[in-house]
*Asks:* 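Dropping a structure here in structure tokens format, bear with me for questions.
Since the structure is predicted, the reported quantities are computational estimates derived from the model, not experimental observations.
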Amino acid sequence: MVILGIDPGFTSLGWALLDFSKARPRCVGAGVIRTKSDPKFKRCDDNKRRIGILASELAKLNKEHEPIVIAAEAQSWTRFQKADRAVAMAWGCLAALAEVWGCPVLQFRPQEIKATLCNDSSASKKAVQTQIEANVQDAAVHLAKIRKTQVNHAADALGAAYTALGHDVCQMVIGIRDEYNRRQTIGGK
């Protein structure tokens with residue numbers, strides 16, 4: 001049972017896979033999907049090309065891991081319209097794919113993720129990453145493989161996935177898992 005965590009971005013989209021089939025959650029992969037603008041194309045054509053890159057890479061993750069839920073950092077609006085439009089395109093891509101896959105998308109505000117991991121809604125990115133590495137098996141291994149300038153995107157995605165564990169959808173799946181394991185133990189004796 002895997003949660004696909006996403007830190008939505010158009011230039012850098014962070015992703016992380018959190019397996020919660022066992023009692024302790026385990027990171028089974030993390031990374032950043034990068035897209036760069038190409039001046040050879042008109043902006044609208046280039047945006048379509050970049051969305052295609054995001055869609056293709058996310059589809060590979062879905063095919064390989066079949067997540068039961070997508071947990072993403074919620075879209076927020078800044079004073080920078082150009083950046084907001086770019087993130088909105090990434091969100092549109094993610095929402096369309098989730099619909100095709102039949103996979104629910106849970107959104108969490110950054111403050112919610114920080115509060116879940118650090119009991120402090122204004123915790124630093126470093127504090128969040130430290131708590132992720134302490135609470136999620138193999139998180140440090142996967143995050144260490146990512147360039148230092150990009151690791152915060154994958155850590156944010158893993159934070160969203162970890163926060164999803166407390167959501168009703170995941171709690172129901174965890175309850176079913178625990179009941180199944182309990183019955184297997186009783187039947188196996």
*Asks:* How close do Trp15 and Ile6 get, counting heavy atoms only, and between which atoms?
*Replies:* CB-CD1, 4.1 Å
*Asks:* Are more than 12 heavy atoms from other residues, nucleotides or ligands located less than 6.0 Å from atom CD of Glu99?
*Replies:*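 Not buried by this count: 12 neighbours or fewer within 6.0 Å.
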*Asks:* Just distance, no hydrogens or angles: give the donor-acceptor pairs under 3.5 Å from side chains in residues 111-118, sequence neighbours left out.
*Replies:*
{"residue": "Glu112", "atom": "OE1", "partner": "Arg109", "partner atom": "N", "Å": "3.3"}
{"residue": "Lys114", "atom": "NZ", "partner": "Ala123", "partner atom": "O", "Å": "3.3"}
{"residue": "Thr116", "atom": "OG1", "partner": "Glu112", "partner atom": "O", "Å": "2.9"}

*Asks:* Show me, pair by pair, the donor-acceptor contacts under 3.5 angstrom made by side chains of residues 49-73, not counting sequence neighbours?
*Replies:*
{"residue": "Arg49", "atom": "NE", "partner": "Asp46", "partner atom": "OD1", "Å": "2.9"}
{"residue": "Arg49", "atom": "NH2", "partner": "Lys36", "partner atom": "O", "Å": "2.7"}
{"residue": "Arg49", "atom": "NH2", "partner": "Asp46", "partner atom": "OD1", "Å": "2.7"}
{"residue": "Arg50", "atom": "NE", "partner": "Thr35", "partner atom": "OG1", "Å": "3.0"}
{"residue": "Arg50", "atom": "NH2", "partner": "Thr11", "partner atom": "OG1", "Å": "3.2"}
{"residue": "Arg50", "atom": "NH2", "partner": "Thr35", "partner atom": "O", "Å": "3.3"}
{"residue": "Arg50", "atom": "NH2", "partner": "Thr35", "partner atom": "OG1", "Å": "3.2"}
{"residue": "Glu57", "atom": "OE2", "partner": "Lys60", "partner atom": "NZ", "Å": "3.2"}

*Asks:* Side chains of residues 134-149: which donor-acceptor pairs under 3.5 Å do they make with residues two or more places apart or in other chains?
*Replies:*
{"residue": "Asn135", "atom": "ND2", "partner": "Gln131", "partner atom": "O", "Å": "2.8"}
{"residue": "Asn135", "atom": "ND2", "partner": "Gln131", "partner atom": "OE1", "Å": "3.4"}
{"residue": "His142", "atom": "NE2", "partner": "Cys27", "partner atom": "O", "Å": "3.3"}

*Asks:* Treat each ILVMFWY residue as a node, draw an edge where side-chain heavy atoms are under 4.5 Å apart, and state whether Leu158 and Leu94 are in one component.
*Replies:*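 Cluster IDs for Leu158 and Leu94 differ.
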*Asks:* Are Val87 and Phe10 grouped together when hydrophobic residues (ILVMFWY) are joined by side-chain heavy atoms under 4.5 angstrom apart?
*Replies:*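 Hydrophobic grouping puts Val87 with Phe10.
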*Asks:* Quick one: SG on Cys103 to CG on Leu4, what's the gap to the nearest 0.5 Å?
*Replies:*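 If I round to the nearest 0.5 Å, the distance is 7.5 Å.
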*Asks:* Atom CG in Leu13, atom SG in Cys93: separation rounded to 0.5 Å?
*Replies:*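 Reported value, rounded in 0.5 Å steps: 8.0 Å.
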*Asks:* Quick check on the hydrophobic clustering: are Phe108 and Trp91 connected, directly or via other members, by side-chain heavy-atom contacts under 4.5 Å?
*Replies:* no
*Asks:* Would Met1 end up clustered with Leu165 when hydrophobic side chains under 4.5 Å apart are linked, directly or stepwise?
*Replies:*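 Looking at the clustering, Leu165 is in the same group as Met1.
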*Asks:* Taking side-chain hydrogen bond (donor to acceptor under 3.5 Å, both in side chains) as the cut-off, I'd like each qualifying pair that reaches into residues 19-34, sequence neighbours left out, listed once.
*Replies:* Ser12-Arg34, Asp19-Ser21
*Asks:* Applying side-chain hydrogen bond (donor to acceptor under 3.5 Å, both in side chains), which residue pairs with at least one partner in residues 151-163 are found, sequence neighbours left out?
*Replies:* Asp7-His153, Lys125-Asp156
*Asks:* Hydrophobic side-chain clustering at under 4.5 Å (ILVMFWY, transitive links): who's grouped with Met172? Put none if nobody.
*Replies:* Ile176
*Asks:* Find out if a path of hydrophobic residues (ILVMFWY) with successive side-chain heavy-atom gaps under 4.5 Å connects Val28 to Val32.
*Replies:*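 Not linked; separate clusters.
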*Asks:* Which pair of non-hydrogen atoms, one from Ala154 and one from Ala16, has the smallest distance, and what is that distance?
*Replies:* O-CB, 4.0 Å
